[in-house]
Trainee: 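Attaching a single structure in structure tokens format; questions to follow.
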Amino acid sequence: MPQLPAPAYPAEVLARLEADAKEVIARYPGSRSALLPLLHLVQSEEGYVSRTGIAFCADQLGLTTAEVTAVSTFYTMYRRRPSGDYQVGVCTNTLCAVMGGDAIFDRLKEHLGVGNDETTEDGKVTLEHIECNAACDFAPVVMVNWEFFDNQTPESATRLVDDLIAGRTVEPTRGAPLCTYKETARILAGFPDQRPGAVEASGGAGAASLVGLKLARGEASPHARVVGPRGERPRDTAPEDAAPHDPSPTEHLSSHDAPQQTSASDPEHPAGPAAEEGE
């Protein structure tokens, strides 16, 4: 059915977004190259890319709303309906799933009372299963507003979402301190993170990611254990007198848990075409 035109932003919001959009567009030799950061910009205003946001981007860049919609529905970082303050993504790709990602996702669905891509009634948490986040050496991985929470279990992930809902301070395993989804979207639009110490706290790759580089440089024992058993601090190197050995069927040198039974990540909510807001 034909839709009414998208509602306009309030005048003060429109003026602020136009000033920000002008700054973003000026970074690129061709204006349409600014579409991705502009989508993050409008997402920082409403928490998702609404029809109003799509119309705004189209007007700023001289594009059609169809062209903007095509891009906004292609990339999964753009939400198409209202979402929570914290986007909790559980990696259910192959390695994370085998190491327990499916079990974590099932536990969080039951604990929060939501399905995939759904938001808790208080508007705090949106849960989704996500594809690989290139952190396989820390599997299973959960991300909150694109910050890493490594080596998770169903129990630790449950505590994590409880802390988010209660407003308690939560610190990522790696990366900058958490901020809300709207604040994250503004940073992704290319605007500086003004929080004191946030940039310095972002850090770099963890020890498990760097062990191959250290081996190549001769800085680590060739028999290094990448990640220790759960509860122990990961070690970069094994003792110099440690003899090489063949791992037993229950020992996994690249992680700390035995594989979990895999299953369809969310059979109750199979993936389908992106729906327009309000459908």
Side-chain angles (χ1 to χ4, degrees), residues 3 5-28 31-89 114 116-120 122-131 133 143-148 164 172 175-195 198 202 271 273-279:
Q3 289 184 313
Y9 285 122
E12 66 278 7
V13 174
L14 180 61
R16 174 165 45 79
L17 288 178
E18 285 178 338
D20 287 341
K22 183 178 180 180
E23 180 179 339
V24 171
I25 294 170
R27 302 170 187 160
Y28 299 90
S31 63
R32 68 182 299 147
S33 298
L35 178 54
L36 296 183
L38 280 191
L39 286 169
H40 284 300
L41 176 64
V42 298
Q43 187 159 251
S44 74
E45 185 63 34
E46 300 181 83
Y48 71 111
V49 179
S50 65
R51 291 194 300 121
T52 301
I54 287 175
F56 173 83
C57 292
D59 289 342
Q60 297 299 307
L61 301 176
L63 301 174
T64 66
T65 55
E67 289 174 312
V68 177
T69 300
V71 174
S72 68
T73 56
F74 180 83
Y75 294 103
T76 58
M77 291 179 76
Y78 300 121
R79 309 290 304 170
R80 290 307 312 278
R81 55 176 175 265
S83 58
D85 293 334
Y86 298 100
Q87 188 81 20
V88 176
V114 298
N116 181 51
D117 202 22
E118 293 181 356
T119 303
T120 55
D122 58 11
K124 292 287 187 179
V125 171
T126 297
L127 178 67
E128 67 173 347
H129 65 82
I130 51 180
E131 293 301 316
N133 279 287
M143 297 196 81
V144 180
N145 294 350
W146 311 114
E147 299 293 351
F148 286 101
L164 292 173
L178 281 183
C179 55
T180 67
Y181 191 64
K182 290 181 180 180
E183 292 169 332
T184 301
R186 184 169 177 82
I187 296 170
L188 292 173
F191 293 93
D193 189 343
Q194 303 290 353
R195 296 173 298 157
S202 59
E276 292 292 338
E277 59 180 287
E279 289 187 2

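The structure presented is a predicted model; accordingly, all values stated were derived computationally and were not measured.
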Trainee: Please list, chain by chain and in numerical order, all residues satisfying ring pair (Phe, Tyr, Trp, His ring centres under 6.0 Å) with Y78, sequence neighbours excluded.
Mentor: H40

Trainee: Applying side chain to side chain donor-acceptor pair (under 3.5 Å), can you list everything that pairs with R16, at least two apart in sequence or on another chain?
Mentor: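 With sequence neighbours excluded, R16 shows a side chain to side chain donor-acceptor pair (under 3.5 Å) to E45, given in chain and number order.
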
Trainee: Search all heavy atoms of P177 against all heavy atoms of P172 and return the closest pair with its distance.
Mentor: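 Minimum heavy-atom contact is CA-CD, 4.3 Å.
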
Trainee: With rounding to the nearest 0.5 angstrom, report the CZ to CG distance, R80 to D117.
Mentor: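 The CG atom of D117 is 12.0 Å from CZ of R80, to the nearest 0.5 Å.
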
Trainee: Measure the spacing between OH of Y75 and CG of L39 and express it to the nearest 0.5 Å.
Mentor: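 Those atoms lie 10.0 Å apart.
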
Trainee: May I have all residue pairs that pass side chain to side chain donor-acceptor pair (under 3.5 Å) and include part of residues 18-28, sequence neighbours excluded?
Mentor: D20-R186

Trainee: Could I get the full list of side chain to side chain donor-acceptor pair (under 3.5 Å) partners for S31, not counting sequence neighbours?
Mentor: none

Trainee: Got a second to check how far Y86's OH is from M143's CE, nearest 0.5 Å?
Mentor: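 Here the rounded value is 15.5 Å.
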
Trainee: L178 and L164: which non-hydrogen atoms are nearest, and at how many Å?
Mentor: CD1-CD2, 3.8 Å

Trainee: Could you pull out all donor-acceptor pairs under 3.5 Å where a side-chain atom in residues 54-66 meets a protein atom, sequence neighbours excluded?
Mentor:
from	atom 1	to	atom 2	distance (Å)
T64	OG1	E67	N	3.1
T64	OG1	E67	OE1	3.4

Trainee: With sequence neighbours excluded, what pairs up with T76 under the side chain to side chain donor-acceptor pair (under 3.5 Å) test?
Mentor: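 T76 satisfies side chain to side chain donor-acceptor pair (under 3.5 Å) with no residue once adjacent residues are dropped.
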
Trainee: Give, for atom CG of L38 and atom OG of S44, the distance between the pair rounded to the nearest 0.5 Å.
Mentor: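 The distance works out to 10.5 Å.
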
Trainee: The criterion is side-chain contact (heavy atoms from CB on, under 4.5 Å); which residues satisfy it with P7, sequence neighbours excluded?
Mentor: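 P7: side-chain contact (heavy atoms from CB on, under 4.5 Å) contacts with R51, T52.
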
Trainee: Nearest 0.5 Å, what's the OG1-CH2 distance between T184 and W146?
Mentor: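 Output value for this atom pair is 10.0 Å.
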
Trainee: Looking only at atom types and distance, does a side-chain atom of Q87 sit under 3.5 Å from a main-chain N or O of Y181, one as donor and one as acceptor?
Mentor: no

Trainee: Who are the salt bridge (charged side-chain N to carboxylate O under 4.0 Å, His left out) partners of D193, not counting sequence neighbours?
Mentor: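 D193 satisfies salt bridge (charged side-chain N to carboxylate O under 4.0 Å, His left out) with R195 once adjacent residues are dropped.
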
Trainee: In Å and rounded to the nearest 0.5 Å, what is the CD to OG distance from Q43 to S83?
Mentor: 6.5 Å

Trainee: For residues Y9 and E46, report the shortest heavy-atom separation together with the two atoms involved.
Mentor: OH-OE2, 3.1 Å

Trainee: Quick one: side chain to side chain donor-acceptor pair (under 3.5 Å) partners of T119, sequence neighbours excluded?
Mentor: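 T119: side chain to side chain donor-acceptor pair (under 3.5 Å) contacts with T126.
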
